[in-house]
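As structure tokens, the structure follows; a few thoughts come after it.
Because the structure is a prediction, the values reported are computed rather than measured. Reminder, nothing fancy here: chain letters follow the sequence lines and each chain counts from 1.
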Protein chains: 2
Amino acid sequence: MMLSKTSEYALRSLMYLALQATKEHKVGIKEISQELDLPMHFTGKILQDLVRKGLVASLKGPNGGFFLNHPASTITIMDVIKVVDGGEAFKRCGLGMNKCSDTHPCPLHEDFKVFRDGLARVFNQKTIHDLVQEVGTGHAFIKNLVEVS
Amino acid sequence: MMLSKTSEYALRSLMYLALQATKEHKVGIKEISQELDLPMHFTGKILQDLVRKGLVASLKGPNGGFFLNHPASTITIMDVIKVVDGGEAFKRCGLGMNKCSDTHPCPLHEDFKVFRDGLARVFNQKTIHDLVQEVGTGHAFIKNLVEVS
DNA sequence: CACATAAAGCATATAAATATCCTTTAATCC
DNA sequence: GGATTAAAGGATATTTATATGCTTTATGTG
Ligand code: FES
Ligand code: FES
């Protein structure tokens, strides 16, 4: 019922980059992982992967770091999921049958499809830009709420 | 975006039991795993777990096997998921934030919640009996479609 | 050029999910 | 009671996801 952590981390990192990074002001792994409460090295791995796949660019050295390679409005959520997890999850049968098919459906098919495909549609339409817009207006957050003890 | 394989196997095994097993005619692991294309030993483990949790009963020896401990109409999909996976998945934030909350939402919250909660509602309402009914009428299947090469 | 910085690359570690194997126990049949 | 059947139980194996550490390479600074 969810994305892998890798996808989640990737999406949140990309949102952070969209908000904070420009080609002039790059952002490093340390900052991202600290601000978003993500495991640092693992986040690094994921971002390096996104660089290889072309979604993100990076530069080494002082003032180096990561930044978006394309406008945030051109990167959909599904783009990210596909790069990271490989987008097969949205085709699978909800009961794990070898094939999800309208002509040989499992007893959950109709109900499951509605939600699976609905979520896929949202993921296909929404871009990183759409997401961060809500953060910009203060209607949403990408940083964890800190528990006050 | 999906259940664990363990939950999937559990649900399909329970459906098979609902269809094929009675207290008089029990069904063994071998039959279940062969008919449903499931790994035999793993399926055994899962069923033993369901016995411990009270959803299924079993008897050893010749003519032994598994059968439902309660009427199929009293076992919801969510009951099974909770026993097997522990039902936390339906409370998690879609972007993996430490807490899913209406007052500190992630940018995906509204969209994600609709589907997550919708699916949870279906899982809470549908019982094993509802599922197998569709199989009985030939509208749905629990066995894999065999590929003809 | 020497040095500091930060990502890239790669190797490895840990944990969880998935899967198999083997021994033990209970039931049935003769 | 002895043989057979089938689940229970527990140990172990494999795979995948998640996470960390260390070395190398590129970049900028003085
Ligand atoms: S066949 Fe199971 S979800 Fe489509
Ligand atoms: S806060 Fe992310 S889904 Fe609710």
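For A:Met40 and C:dA6, the CE to P distance is 11 Å, given to the nearest whole Å. Taking atom CD1 on A:Ile46 and atom P on C:dA8, their separation rounds to 13 Å, with Å as the unit. As rounded to whole Å, 14 Å separates atom P of C:dA27 from atom CG of B:Asn63. In this structure, B:Phe42 places its CZ atom 15 Å from P of C:dC21, rounding to the nearest Å. Look at NZ on B:Lys60: it is 5 Å from P on C:dA26, rounded to the nearest Å. One atom, CZ of B:Phe67, and another, C1' of D:dA7, lie 12 Å apart when rounded to the nearest Å. For the pair B:Asp49 CG and D:dA7 C1', the computed distance is 14 Å after rounding to whole Å. Between A:Ile29 atom CD1 and C:dA8 atom P there is a gap of 7 Å when expressed in whole angstrom units.
Counting atom types as modelled, A:Lys45 pairs no side-chain N or O with a base atom of C:dG9 as donor and acceptor under 3.5 Å.
Among the atoms of the strands shown, only primed sugar atoms or phosphate atoms (P, OP1, OP2) are found under 4.0 Å from some heavy atom of B:Gly65. Among the atoms of the strands shown, none is found under 4.0 Å from any heavy atom of A:Leu47.
Residue B:Ser58 has a polar side-chain atom (N or O) positioned under 4.0 Å from OP1 or OP2 of D:dA8. Under 4.0 angstrom from either OP1 or OP2 of D:dG9 there lies at least one side-chain N or O belonging to B:Arg52.
Atoms OG and NE2, on B:Ser101 and B:His109 in that order, are 6.5 Å from each other to the nearest 0.5 Å.
Each of C:dT20, D:dT18, C:dT18 was ranked by its minimum atom distance to the side chain of B:Lys5; first place goes to C:dT18. Distances from the side chain of B:Tyr9 to the nucleotides C:dA19, C:dA26, D:dG21 place C:dA19 closest. Distances were taken from every side-chain heavy atom of B:Val51 (C-beta onward) to each of C:dC29, C:dA8, D:dA8; the shortest belongs to D:dA8. In the set D:dA19, C:dA27, C:dT18, C:dA27 carries the atom at the smallest distance from any side-chain atom of B:Leu59.
No donor-acceptor contact under 3.5 angstrom links the side chains of B:Thr76 and B:Asn124, judged on distance only. In this structure, a donor-acceptor pair under 3.5 Å is present between the side chains of A:His139 and A:Thr137.
Note on ring orientation: taking the six-membered ring where Trp is involved, the planes of B:His104 and A:Phe141 are parallel (angle under 30°, cut-offs 30° and 60°).
For the side chain to side chain contact (heavy atoms under 4.5 Å, CB included) criterion with A:Leu68, the lone passing option out of A:Thr74, A:Leu17, A:Leu55 is A:Leu17.
Nearest-nucleotide positions on DNA chain D place A:Pro39 closer to the 5' end than the other of A:Pro39 and A:Gly61. Remark on DNA chain C: of its neighbouring residues B:Asp85 and B:Pro62, the 5'-side contact belongs to B:Asp85, judged by nearest-heavy-atom nucleotide.
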